[in-house]
There are 2 protein chains.
Amino acid sequence: MPSDAYPAPFVIQRNLVDQVVDYLTESILAARFAPGERLSEAGLASELGISRAPVREAARLLESRGLLVSRPRRGFFVRSLDVAELNDVFDLRIGLERHAFERVMLRFDEDIEQSLKQQIERLCDVASGHDESAKIEEDIAFHRRVFELAGNPRLLRAFDDLSFELRLCITLITRTHDTPESIAASHWRLLDALRSGDPERCREEVDYHIGVARDSVIERLADGHNSANHPNNHQ
Amino acid sequence: MPSDAYPAPFVIQRNLVDQVVDYLTESILAARFAPGERLSEAGLASELGISRAPVREAARLLESRGLLVSRPRRGFFVRSLDVAELNDVFDLRIGLERHAFERVMLRFDEDIEQSLKQQIERLCDVASGHDESAKIEEDIAFHRRVFELAGNPRLLRAFDDLSFELRLCITLITRTHDTPESIAASHWRLLDALRSGDPERCREEVDYHIGVARDSVIERLADGHNSANHPNNHQ
DNA sequence: CTGATCCAAACTGTCGACAGTCGTCAATCG
DNA sequence: CGATTGACGACTGTCGACAGTTTGGATCAG
């Protein structure tokens with residue numbers, strides 16, 4: 001008997017907490033909740049037709065993901081990032097991506113190349129369309145693939161943790177209008193760098209790639225979307 | 001921890017969740033709970049004289065810190081790391097420390113040097129004693145100081161998140177018996193590398209330093225402490 | 001004696017309720 | 001008229017309870 005292991009998701013018995021986590025995550029990233037907005041436990045619970053306990057536990061999880069902040073005796077608020085925090089997120093991302101790319105480079109082979117090529121092609125497919133959300137997700141998916149290929153699950157988790165804040169950064173602004181060609185080209189350059197086997201060059205390409213993304217976000221944030229977005233840190 | 005908001009801690013009104021988080025964290029890291037051990041919500045709650053709700057919320061938080069793993073409908077278990085996971089933790093640590101050291105190097109000045117010198121001296125103070133726990137904490141404190149000086153709170157939080165797993169790695173084994181001199185010397189070398197302003201050299205020193213720590217842990221894990229530690233890894 | 005089956009105890013997931021706290025706003029006072 | 005105080009309402013922190021599930025042992029067939 002396979003008594004040990006395998007949660008066996010035959011019948012996916014999702015508990016309420018996970019469902020609430022997904023619901024809240026999507027709601028925040030789809031900007032259905034405004035940054036800084038207070039989330040009422042009771043309100044959410046009754047809205048979802050459940051009790052407050054699962055909502056509270058879900059909120060704790062979202063807090064650890066950086067999507068919510070809790071103020072004792074006040075409740076949970078949707079995280080709102082200022083420019084400094086946004087810079088910090090991208091700075092950490094650079095550190096993580098450098099590491100992931102280096103690890104991938106060390107084990108680069110035909111399979112990895114194919115895998116990344118496929119990912120870029122999927123990115124190209126949606127890049128010509130008008131589904132901005134899909135572009136963002138495929139962009140992130142490419143980078144996530146790199147972290148998968150790095151072969152370190154813990155490193156991947158660090159990226160996943162950060163990616164929620166990353167999406168939050170992007171949610172805060174209107175999406176960039178890069179051309180499909182430029183989006184594709186910038187990712188082909190990363191693959192080329194990996195292929196070259198030159199660590200120095202790879203670092204530079206990663207720094208440039210992430211730097212462009214960061215500047216794009218910051219630029220738009222400065223363009224006016226920052227107004228009336230008082231960050232939720234007081235006194 | 002990572003959170004913001006310093007709302008006048010005149011009267012420290014700690015809620016139960018935070019207290020339970022601290023209690024559990026300390027219990028796990030002090031090896032009062034065995035790796036892989038099941039934690040009964042009801043048991044803990046009655047033991048602490050509280051209800052299960054705060055215990056559950058605290059456990060969720062510990063899960064996000066990597067100290068507990070939850071199995072649906074089964075409860076929470078103390079995380080137990082196998083050699084592969086342990087390698088992953090240290091690999092991520094290398095990535096983070098490289099980045100932190102680089103950032104510190106870019107803004108290196110007299111104040112930073114003094115701050116790190118103080119930290120190393122505190123490390124030396126405890127290194128000659130017999131309080132192994134203090135040695136570990138001061139060792140981690142030095143590295144945490146580097147992350148603070150890097151000037152990126154998000155990067156610091158990433159280290160804090162990882163540091164719990166790091167402590168867990170160390171908890172799993174008997175502590176290394178490095179001499180006080182070698183402990184001090186290895187950290188002086190890191191400071192020297194920072195002072196040199198040479199990124200390449202800094203990376204190498206960091207890689208070496210963390211690598212030694214990793215090997216030390218792995219070596220002792222292989223020495224026999226791994227037996228009967230069936231990992232409870234899922235997801 | 002081995003292995004499958006069944007049952008009771010223990011536990012998790014979820015709920016509704018209560019008490020204490022915080023923010024708001026109107027009434028009061030200088 | 002502006003500042004202060006106090007009460008009201010909303011909400012969080014915490015608790016005890018119930019139902020369905022898992023676990024481990026007792027029971028029974030082979």
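Proteins come first, then strands; the chains are lettered A, B, ... in the order of their sequence lines, and each starts at number 1.
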Whole angstrom is fine here: how far is it from [atom1] in [X] over to [atom2] in [N]?
X       : N      : atom1 : atom2 : answer
A:Leu48 : C:dG16 : CG    : P     : 14 Å
A:Ile50 : C:dT14 : CD1   : C1'   : 9 Å
B:Asp18 : D:dT12 : CG    : C1'   : 14 Å
A:Glu57 : D:dT12 : CD    : C1'   : 15 Å
B:Arg60 : D:dG13 : CZ    : P     : 17 Å
B:Leu61 : D:dG13 : CG    : C1'   : 16 Å

*Check whether the side chains of A:Arg167 and A:Ser163 place a donor and an acceptor atom closer than 3.5 Å, and report yes or no.*
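The criterion, which ignores hydrogens and geometry beyond distance, is satisfied for A:Ser163 and A:Arg167.
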_Let's see if you can work this out: which of D:dT14, C:dG13, C:dC15 has an atom nearest to the side-chain heavy atoms of A:Asn15?_
C:dG13
*Mark yes when over 12 heavy atoms from residues, nucleotides or ligands other than A:Arg214 sit less than 6.0 Å from its CZ; otherwise mark no.*
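Above 12, so yes.
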*asked:* Return a single string for nucleotides 7-12 of chain C, one symbol per nucleotide in 5' to 3' order, where B is base contact, S is sugar-phosphate-only contact and - is none, cutoff 4.0 angstrom on heavy atoms.
replied: ----SB
*A:Phe76 six-ring centre to A:Arg38 NZ/CZ under 6.0 Å and within 45° of normal*: no
*Please identify each residue that fulfils ring-ring contact (aromatic ring centres under 6.0 Å, His included) with A:Phe159, with sequence neighbours left out.*
A:Phe147
*How would you list, by chain and number, every residue that makes a ring-ring contact (aromatic ring centres under 6.0 Å, His included) with A:His99, sequence neighbours excluded?*
none
_Looking at B:Val21, is its backbone amide N or carbonyl O close enough to the side chain of B:Thr25 to form a donor-acceptor pair, meaning the two atoms are under 3.5 Å apart?_
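Yes, the answer is positive, given that a donor and an acceptor are paired below the 3.5 Å cut-off.
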